[in-house]
Amino acid sequence: MTSLLVSCNTTIDQSLPLQQSNKKDCRIIEHKMGETEICGIPQRIVVLSPYLLEPLLALNIQPIAYADHIAFHKEDYDHPAEQIPYLGKYINKSIANVGIAYMPSLEAIVKTKPDLILSPDHNKNEYQKFSQFAPTLMLSWNESTENLEKIARAVKREEKVEQLLQETQQEIEKAKQEFSKIVANYPKILLLHAQDLQELSIANNESICSSLIEELGFELVSLPEVDTSKNSRLPLSLEALPKLDNANSIIILGYNFQEFSKLINRQNFTEHQLSNLQQKWSKNPITQSMKASQENRVYYIPTYLCTGLPGFLVQNFILMN
């Protein structure tokens with residue numbers, strides 16, 4: 001049995017150059033702050049979130065600058081494969097670090113001389129400032145397909161969108177067949193979100209993780225008296241955990257956004273995010289009383305993989321029980 005199947009079939013052409021911009025070739029793109037006109041093909045793209053970096057790379061476009069959700073790395077990304085979790089291996093050159101996605105450095109952005117800025121819509125108060133630097137698109141975290149389509153229009157790669165969607169659906173259909181016997185024998189999964197055992201929550205609407213689990217045919221379990229349809233995370237006390245012992249398996253979305261000195265490079269990112277939580281779960285009498293723990297059916301995935309990257313390069317990281 002495997003806890004995580006890595007099957008990223010999307011090919012990234014790291015050497016594909018962009019054409020020079022043609023100012024006569026203009027189009028209007030709608031986004032969360034209205035409409036933005038983009039002319040030609042942008043050459044210098046600043047990306048202010050991993051969930052926006054992901055579709056850009058899926059379209060075979062390289063950024064010149066990036067801001068992550070968490071300050072895992074504080075200098076410029078001179079070795080992105082080692083400094084940017086999951087996506088860094090698709091970046092083939094040094095790029096500027098312009099701060100934190102939701103609090104980027106305006107000075108650092110200006111220095112990059114961008115001709116397109118891709119920003120989370122949380123930065124709406126900065127939209128007018130960004131727009132003075134370059135055409136800006138503000139896009140929402142939970143609209144991965146729409147984001148892909150809009151970014152594709154911005155960089156004139158519309159023809160790749162349908163290909164990416166088809167490849168993703170093919171991988172999901174393939175996974176359904178492979179998991180069908182597992183679903184039949186172990187249909188119920190408890191999906192938890194946790195930093196440690198004092199901060200547990202049920203994560204039944206946690207983006208790609210919960211949606212993939214359900215699309216593969218599994219059933220997400222929750223407390224019977226609680227409606228989780230309107231809440232992405234439902235707080236759960238450790239003492240209430242045994243009420244969910246009907247789960248055949250448990251998947252825990254763990255995180256550790258502290259102790260960055262222990263985060264040496266991308267290779268130990270998963271260990272850094274999960275090791276403390278795994279140790280505490282393995283030693284606690286309540287968690288170990290759960291049937292899933294006793295049957296060795298508890299699996300751990302970094303929260304960053306689900307919430308930071310809800311799109312197309314990570315869509316093929318399929319959860320297994």
Side-chain angles (χ1 to χ4, degrees), residues 1-7 69-70 72 85-86 179 181-183 185-210 212-214 216 218-224 226 228 231-309 314 317-321:
M1 291 173 53
T2 310
S3 63
L4 191 64
L5 173 64
V6 180
S7 176
H69 284 161
I70 308 295
F72 297 124
Y86 304 110
F179 296 162
K181 291 184 179 180
I182 300 175
V183 171
N185 293 325
Y186 306 99
K188 296 183 178 182
I189 289 181
L190 173 61
L191 183 62
L192 295 176
H193 184 280
Q195 178 177 15
D196 56 43
L197 299 186
Q198 304 304 315
E199 298 181 22
L200 290 173
S201 58
I202 299 174
N204 281 8
N205 291 324
E206 195 61 44
S207 184
I208 186 175
C209 284
S210 60
L212 273 180
I213 289 171
E214 292 184 309
L216 291 173
F218 294 101
E219 175 188 349
L220 290 171
V221 303
S222 186
L223 295 171
V226 175
T228 60
N231 299 298
S232 61
R233 298 179 191 174
L234 179 71
L236 179 72
S237 68
L238 180 62
E239 292 72 22
L241 198 56
K243 296 180 180 180
L244 297 161
D245 204 26
N246 61 326
N248 305 118
S249 307
I250 299 174
I251 295 175
I252 305 176
L253 308 180
Y255 64 95
N256 177 12
F257 295 153
Q258 302 173 1
E259 302 177 306
F260 290 153
S261 61
K262 296 181 180 179
L263 183 57
I264 302 171
N265 55 43
R266 183 185 59 84
Q267 281 69 34
N268 79 325
F269 179 80
T270 298
E271 179 184 0
H272 172 266
Q273 293 292 287
L274 300 177
S275 59
N276 289 341
L277 177 62
Q278 288 174 308
Q279 292 176 14
K280 290 182 179 180
W281 186 278
S282 67
K283 296 177 181 179
N284 185 276
I286 296 178
T287 61
Q288 292 307 295
S289 71
M290 301 286 287
K291 179 175 62 177
S293 292
Q294 295 173 2
E295 296 181 0
N296 197 29
R297 303 185 65 82
V298 179
Y299 308 100
Y300 303 84
I301 297 174
T303 294
Y304 185 94
L305 187 63
C306 294
T307 59
L309 306 170
V314 181
F317 284 77
I318 306 296
L319 304 181
M320 297 182 66
N321 68 352

Can you name the closest pair of heavy atoms from [X] and [Y] and give their distance?
{"X": "I286", "Y": "L238", "value": "CG2-O, 3.5 Å"}
{"X": "A203", "Y": "S210", "value": "O-CB, 3.9 Å"}
{"X": "A247", "Y": "A292", "value": "O-CB, 4.3 Å"}
{"X": "A194", "Y": "L277", "value": "O-CD2, 3.8 Å"}

Test side chain to side chain contact (heavy atoms under 4.5 Å, CB included) applied to [X] - qualifying residues, sequence neighbours left out:
{"X": "E295", "result": "K291, R297"}
{"X": "S289", "result": "none"}
{"X": "E219", "result": "K188"}

Quick check for you: to the nearest 0.5 Å, what is the distance between [X] atom [atom1] and [Y] atom [atom2]?
{"X": "Q198", "Y": "L200", "atom1": "CD", "atom2": "CG", "value": "8.0 Å"}
{"X": "K280", "Y": "T287", "atom1": "NZ", "atom2": "OG1", "value": "12.0 Å"}
{"X": "L191", "Y": "E214", "atom1": "CG", "atom2": "CD", "value": "9.5 Å"}
{"X": "Y300", "Y": "L274", "atom1": "OH", "atom2": "CG", "value": "9.0 Å"}
{"X": "I182", "Y": "L216", "atom1": "CD1", "atom2": "CG", "value": "9.5 Å"}
{"X": "F218", "Y": "I251", "atom1": "CZ", "atom2": "CD1", "value": "7.5 Å"}

Query raised in the report: With sequence neighbours excluded, what pairs up with Q279 under the side-chain hydrogen bond (donor to acceptor under 3.5 Å, both in side chains) test?
Result: none
Query raised in the report: Excluding sequence neighbours, so at least two apart, what forms side-chain hydrogen bond (donor to acceptor under 3.5 Å, both in side chains) with S293?
Result: W281
**Report entry** Q273 and T303: CA distance, side-chain angles, deciding distance, side chain to side chain contact (heavy atoms under 4.5 Å, CB included) verdict
**Finding:** CA-CA 8 Å; Q273 293 292 287; T303 294; 5.9 Å; no
Requested in this report: I would like to know whether L236 and L223 meet side chain to side chain contact (heavy atoms under 4.5 Å, CB included); could you show each step before the answer?
Outcome: CA-CA 9 Å; L236 179 72; L223 295 171; 3.9 Å; yes
Requested in this report: Anything under 30° is parallel, anything over 60° is perpendicular, the rest tilted; go ahead and classify Y304 against Y86.
Outcome: parallel
Report task. Evaluate the ring planes of H193 and Y255, with Trp represented by its six-membered ring, and classify them as parallel (under 30°), tilted (30 to 60°) or perpendicular (over 60°). Result -> tilted
Query raised in the report: Under a 4.5 Å cut-off applied to non-hydrogen side-chain atoms, are N185 and N248 in contact?
Result: no
Query raised in the report: Taking C-beta and beyond as the side chain, do L192 and I250 meet within less than 4.5 Å on heavy atoms?
Result: yes
Requested in this report: Before giving the answer on side chain to side chain contact (heavy atoms under 4.5 Å, CB included), spell out for I202 and L244 the whole-Å C-alpha distance, their side-chain angles and the decisive distance to 0.1 Å.
Outcome: CA-CA 10 Å; I202 299 174; L244 297 161; 4.1 Å; yes
